[in-house]
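Data first, discussion second: the structure below is written as structure tokens.
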Amino acid sequence: MTCASEILAKAAYAHNIPYILSTVGTASIETIAEITQGNAWFQLYHPKEDKLRDDLINRAAAAEYQVLVILSDVPTFAYRAKEIRNGLAIPPKMTFLNMLQILGSPNWAIQTLIAGQPEFKTLKPYIPKGLSISHLGVFMNQTFSGRLNEEKIKPIRDRWKGKLVLKGVVSEEDTEKAIALGLDGIIVSNHGGRQLDAGESTIKPLATIAEKYKGQIKIMMDSGIRTGPDIACTLASGAEFAFLGRSFMYGVAALGKEGGNHTISILKRQFQQVMEQLCCERIADLPNHLIKK
Ligand SMILES: Cc1cc2nc3c(=O)[nH]c(=O)nc-3n(C[C@H](O)[C@H](O)[C@H](O)COP(=O)(O)O)c2cc1C
């Protein structure tokens, strides 16, 4: 069975948009490079050991990735009450409700049984053989440290010759640091609100960051974008690209292999409709009422 990462990478490639593969994605750096002909981006969770960091960066370079994304908004793993309540954990908890839901989706259950347990394919070479799923969480905690600073970013900038993007920026201060470090872009992101309930909505700081720093660094945004009008607001507010997370996962969850293409097609149609309704030929024509501050 094709995993969600592969389905979405294929759809992104077909629509000529970037797919960002996570370090903890269910497909490997090499598989996604092959699917996207080297057009994918790779997102690095920051390893504690320099050796692992360098090895992941070297693999992405060898697979001819054009863009490396460093994640800055997971200094610690979040407290996600909803996930605790639903038993979404490593190892997964089988609750009565989960069992009922599985029985209600026999097709999914059979496909999942055939495919076997999802794996962190990129990390497979570094995970000790025979490590039980209950120890995987401990391994992840021991291996990665999300807390970033300039000292940790500098060696990555030196090693990575392609474009380097910082994801998880929401302030002018961090945008200035990214520029000073010689980074090529930022993704204004709050991780889709999954890290901190008290975080700021990304559309709010976007316009100010874009007004001040456009031209000095590429500015992109994600978090909370669900529709074509949301994309229009994001672009009108100064982002040069809008990324989405959950909408694509929903598409794949509902429609499997067709989910990626389906979601992108809906978004394209909705966005085109905004442009037509507002008589806009170019992004620069989008009216001011779409700029959110
Ligand atoms: C299930 C799930 C897993 C995620 N895993 C990662 C990850 O491994 N690395 C990462 O940089 N962001 C991860 N994110 C955050 C997304 O990259 C993105 O920032 C966020 O989903 C955007 O918000 P949206 O879901 O509202 O579109 C994840 C999001 C979800 C929903």
Side-chain angles (χ1 to χ4, degrees), residues 3-5 7-9 12 17-29 32 40-47 56 60 65 67-78 80 82-84 86-90 92 118-123 136-137 140-141 143-148 153 156 164-170 185-197 199-206 219-231 233-235 239 241-254 259-260 263-264 266-267 270-271 292:
C3 71
S5 292
I7 293 171
L8 292 174
I17 54 177
Y19 171 74
I20 308 181
L21 174 70
S22 163
T23 306
V24 293
T26 47
S28 71
I29 290 181
I32 295 299
W41 300 12
F42 179 63
Q43 174 262 310
L44 183 74
Y45 262 106
H46 198 269
L56 287 167
Y65 278 65
V67 183
L68 183 70
V69 178
I70 320 173
L71 184 65
S72 66
D73 60 13
V74 186
T76 56
F77 288 106
R80 297 176 181 157
K82 201 163 61 177
E83 293 183 2
I84 295 167
N86 292 332
L88 187 64
I90 302 177
E119 292 176 309
F120 298 141
K121 290 270 168 58
T122 292
L123 294 179
L136 189 58
M140 297 299 284
N141 275 335
T143 307
F144 294 97
S145 145
R147 202 171 286 283
L148 273 189
I153 295 176
I156 300 177
L164 191 57
V165 168
L166 190 62
K167 176 172 184 270
V169 174
V170 281
I186 55 164
I187 303 180
V188 178
S189 170
N190 63 19
H191 216 98
R194 302 179 83 222
Q195 279 301 107
L196 180 67
D197 266 352
E200 189 180 19
S201 164
T202 50
I203 195 76
K204 287 197 175 146
L206 173 68
I219 297 163
M220 299 158 278
M221 194 198 98
D222 78 12
S223 302
I225 301 172
R226 298 285 179 272
T227 63
D230 290 345
I231 295 174
C233 289
T234 306
L235 299 180
F241 198 80
F243 284 99
L244 289 83
R246 285 181 187 77
S247 305
F248 293 119
M249 299 310 290
Y250 297 152
V252 173
T263 309
I264 298 170
I266 292 177
L267 291 165
Q270 289 178 342
F271 179 62
K292 304 290 172 194

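Counting convention: from 1, in listed order, for ligands and their atoms alike.
- Aromatic pair F248/Y250: ring centres not closer than 6.0 Å.
- Looking at N190 and T202, their side chains never bring a donor and an acceptor atom within 3.5 Å of each other.
- In this structure a side-chain-to-backbone donor-acceptor pair under 3.5 Å is missing from R147 to T76.
- Q270 and T227 share no donor-acceptor pair across their side chains, judged by distance under 3.5 Å alone.
- By the 4.5 Å heavy-atom criterion applied to side chains, I186 and V165 are not counted as neighbours.
- The 4.0 Å heavy-atom shell around ligand 1 contains residues S22, V24, Q43, Y45, L71, K167, S189, H191, G192, R194, D222, S223, G224, R226, L244, G245, R246, ordered by chain and number.
- Taking the six-membered ring where the residue is Trp, W41 and F243 present perpendicular rings, their angle passing 60° and hence far from 30°.
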